[in-house]
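Written below as structure tokens is the structure these notes are about.
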Amino acid sequence: MIVLKDINKTYYTGKTSLHVLKGIDLKINQGELVSIMGSSGSGKSTLLNIIGMLDNHDSGDFCLNDEKIEHLSEKKAAFYRNKFIGFVFQSFNLISFKNAMENVALPLYYQKVPRKLRNKSAMEYLEKMGLAEWAHHLPNELSGGQKQRLAIARALISRPKVILADEPTGALDSETSIEVMKIFKEIHASGITILIVTHEREIAAETERIIRLKDGRIESIIENGQRKKWLESQHMA
Amino acid sequence: MFDIDKWQEIFNTISKNKLRTLLTGFSVAWGIFMLVVLLGSGYGLENGVKREFEGDAVNYLSINSGTTSKAFKGMKAGRQIQFKNDDYDLLKTLNKVSHSSTRTRIWQSNSVSYGPEYGTFDIFAILPDYKFVEATQIIKGRFLNQKDIDDFRKSIVIGRLVYEALFKSGEDAIGKYVKISGMMFKVVGVFNDPGSDRDLLRAYIPISTAQRVFNMGNNINTVQLNFEGVGAAESERIVEEIKEKLAKQHKFDPEDQRAVFIWNSIENYEKFMNLFAGIRLFIWIIGAGTIISGIVGVSNIMMIVVKERTKEIGIRKALGATPFSIVSLILQESVLITALAGYIGLVLGVGLLELVSDFLPSLDYFANPEINMNVALIATGLLVVSGAIAGYVPARKAASVKPVIALRDE
């Protein structure tokens, strides 16, 4: 589903350059629930942004759904993002002047789905997220957990192959975080690939595979079975 | 291509960002409104000035006699100067005189009657070329001619209001006889005058006849000289020349300011035209300034709007918006707002001008303010286009930025 080979990314700010990703090799299969962990500055968000085509890589090969992603025009990138990927962000990134239903329906607007149809579809997803009665509220009238569920509904409405979540629980309390993770697991159960960037062990522990990044390189990949062992080693340290 | 979904999206955005829309719209509407009012008022001024001069020639000198105020060659001050036919003969030979005439008011009698109807009017004895001084339009019959003068005919040309006062039944006046001081004058023409109504309460008779029947000898009041190709500066010199000639003829001090009075329409008209050209230039400069400040205002707002929407643009891109759809969304919104606001400003401005023009009491030097529609439309178009360009550049930039940068928290 997602294949990365020797991905490099450097950021230039003025005269200083920052080599963020130093040769990432990674393969993520369809239907996996994977988390990317690492301290801040380890490049985990950059990796996610490259996979989501919100940013481009400098060198290396990146294939998404057997298509090589390289020198993508903005138009093409927009098309892929819309068709394959659903984003969930730490700061929700909802459009503040649109109500819940309109926010959820927006990806379908860019698929040229007629207004009535996309609003109907948005209502269905809001219902799944238990937000039906909030459909006509603006984002700032919702709680953090509700906003994130709203964002998840928006990510799901275009029926993407992959959900990319950047610190989805970063702005939520632990109770709401558990609730959100439960939703991600449900989505995963329906066969959608999910990639979660997080620095919370409890969140990562819920996934099938943990990819640990350190200083732009993959430090370790912990498979499902080894998870317990890894957790124990973490506790001992 | 009309994309109803896109317009719904635009109206949605506009209706949810009312203040932003209002500010943009107001600056455009205000710019256009001010421009229309300004240009309209300028035009009103122009109309007013033109109206003041309408009906009279603007290339003549009118020479009237006065009373001396200085003693000269043994004669006391306070002597009345009386022009004679000789004075006219002397002055009409001046250089560049195209037409010349005299005008003499009949003081002996100013009552004119026709049958039972009568009225008092201004009766002037003139030469035929007087028609080149006062822009009289003959609506019936003819003006006085040389034959009337040569044959001492008792002919009369009457103003439209004189005709309406005497010929109540509306009958044809031509060939009818009206009575002045018991003498019968034959009506040969009726005239109209685009100037004031006062000019229509006049009657003209030949000077030769008047001098004979009213026992005026060779006296005349005013000499009028039309000039061809004479500017303000030259007209000044001619005025001096005329004063010198008349001073010699009537033996008064050439420096005497009160012996003769000369109305110089050439200089006056030029003064007004220069003044007016100045005013027009001034109005255009202010108008251009208004438009430029409008453009700057709209550009500024558009740039801020795009900046403010950077994050929204990032979100839209993450959800699959193409750069084109982003740019066209912002541009269509900006063009819609500026065009609509510009139209409102135009309607309000023109409405105000119409109101003023309908209800303002008639003023000197101000009449019928109006605006050239093309100028107003071009100005509106300019604002719309500049608003679009001002929005396009940052929108284009925001749309081509990587979404990750647009989404970055401030």
Side-chain angles (χ1 to χ4, degrees), chain A residues 9 11 45-46 48-50 52-56 72-99 102-119 138-139 151 154-155 157-158 160 164 166 170-171, chain B residues 1-24 304-330 332-333 337 395-410:
Chain A
K9 176 73 185 176
Y11 282 118
S45 287
T46 305
L48 194 79
N49 286 336
I50 286 173
M53 289 166 289
L54 295 176
D55 207 346
N56 46 8
L72 225 49
S73 71
E74 277 294 328
K75 199 177 164 186
K76 200 91 192 211
F79 173 75
Y80 281 135
R81 279 197 290 267
N82 188 266
K83 198 171 167 198
F84 294 127
I85 298 169
F87 291 96
V88 177
F89 301 94
Q90 177 177 7
S91 54
F92 319 122
N93 281 340
L94 299 164
I95 291 177
S96 58
F97 60 82
K98 285 180 177 288
N99 68 30
E102 289 163 339
N103 262 293
V104 172
L106 197 56
L108 294 186
Y109 168 75
Y110 289 110
Q111 285 182 4
K112 310 222 178 301
V113 174
R115 190 183 186 79
K116 270 193 185 152
L117 223 60
R118 59 176 197 257
N119 283 347
L138 292 176
R154 183 180 65 182
I157 198 168
S158 56
L164 300 178
D166 190 356
Chain B
M1 186 189 71
F2 186 76
D3 184 347
I4 191 153
D5 228 31
K6 181 168 240 162
W7 284 107
Q8 273 173 340
E9 183 74 16
I10 287 167
F11 281 121
N12 190 315
T13 311
I14 287 176
S15 66
K16 300 230 167 116
N17 295 281
K18 289 197 180 76
L19 184 68
R20 187 172 81 197
T21 309
L22 207 73
L23 284 177
T24 317
I304 291 168
V305 163
V306 171
K307 179 105 187 120
E308 187 192 283
R309 296 178 76 172
T310 303
K311 185 140 190 179
E312 181 199 331
I313 291 168
I315 297 170
R316 285 178 185 271
K317 286 190 77 175
L319 299 180
T322 58
F324 173 78
S325 78
I326 299 280
V327 172
S328 70
L329 185 75
I330 288 175
Q332 282 186 27
E333 190 188 316
I337 293 171
R396 177 73 242 178
K397 219 173 116 193
S400 59
V401 149
K402 288 268 152 210
V404 65
I405 294 165
L407 282 173
R408 195 168 284 164
D409 289 314
E410 300 290 315

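Note that this is a predicted model, so its numbers are computed, not measured. Proteins come first, then strands; the chains are lettered A, B, ... in the order of their sequence lines, and each starts at number 1.
Both the backbone and the side chain of Asp55(A) come within less than 4.5 Å of a heavy atom in chain B. Within the 4.5 angstrom heavy-atom criterion, only side-chain atoms of Phe89(A), from C-beta onward, approach chain B. Only the backbone of Leu94(A) has a heavy atom closer than 4.5 Å to any heavy atom of chain B. For chain B, the nearby part of Phe87(A) is the side chain; its heavy atoms alone come within less than 4.5 Å.
For the set Asn56(A), Thr46(A), Ile85(A), the count of heavy-atom pairs under 4.5 angstrom toward chain B peaks at Asn56(A). Most heavy-atom pairs under 4.5 Å with chain B: of the set Met53(A), Gln111(A), Arg118(A), this distinction falls to Arg118(A). Interface remark: of the candidates Lys75(A), Lys76(A), Lys98(A), Lys98(A) forms the most heavy-atom pairs closer than 4.5 Å to chain B. Chosen from Ala321(B), Gly314(B), Ala399(B), Ser325(B), the residue pairing most often with chain A at heavy-atom distances under 4.5 Å is Ala321(B).
Checked against salt bridge (charged side-chain N to carboxylate O under 4.0 Å, His left out), Glu102(A) has the following partners two or more places apart in sequence or in another chain: Lys16(B). Arg81(A) pairs by the salt bridge (charged side-chain N to carboxylate O under 4.0 Å, His left out) definition with Glu74(A), not counting sequence neighbours.
Tyr80(A) OH: more than 12 foreign heavy atoms inside a 6.0 Å radius. At most 12 heavy atoms of other shown residues, nucleotides or ligands fall within 6.0 angstrom of atom CZ in Phe324(B). No more than 12 heavy atoms of other residues, nucleotides or ligands sit less than 6.0 Å from atom NZ of Lys83(A).
The structure places CG of Asn93(A) at 5.0 Å from CG of Leu407(B), a figure rounded to the nearest 0.5 Å. Taking NZ from Lys317(B) and OH from Tyr110(A), the interatomic distance works out to 11.0 Å, rounded to the nearest 0.5 Å. One distance of note links CZ of Arg316(B) with OH of Tyr109(A); it measures 7.0 Å at 0.5 Å rounding. From Ile95(A), atom CD1 reaches atom CG of Leu319(B) across 7.0 Å, with rounding to the nearest 0.5 Å. For the atom pair Ser96(A) OG and Ile315(B) CD1, the distance stands at 8.0 Å (nearest 0.5 Å).
Asn82(A) and Gly320(B) make their closest contact through CB-CA, 3.6 Å (heavy atoms, listed as atom of the first residue, atom of the second, distance).
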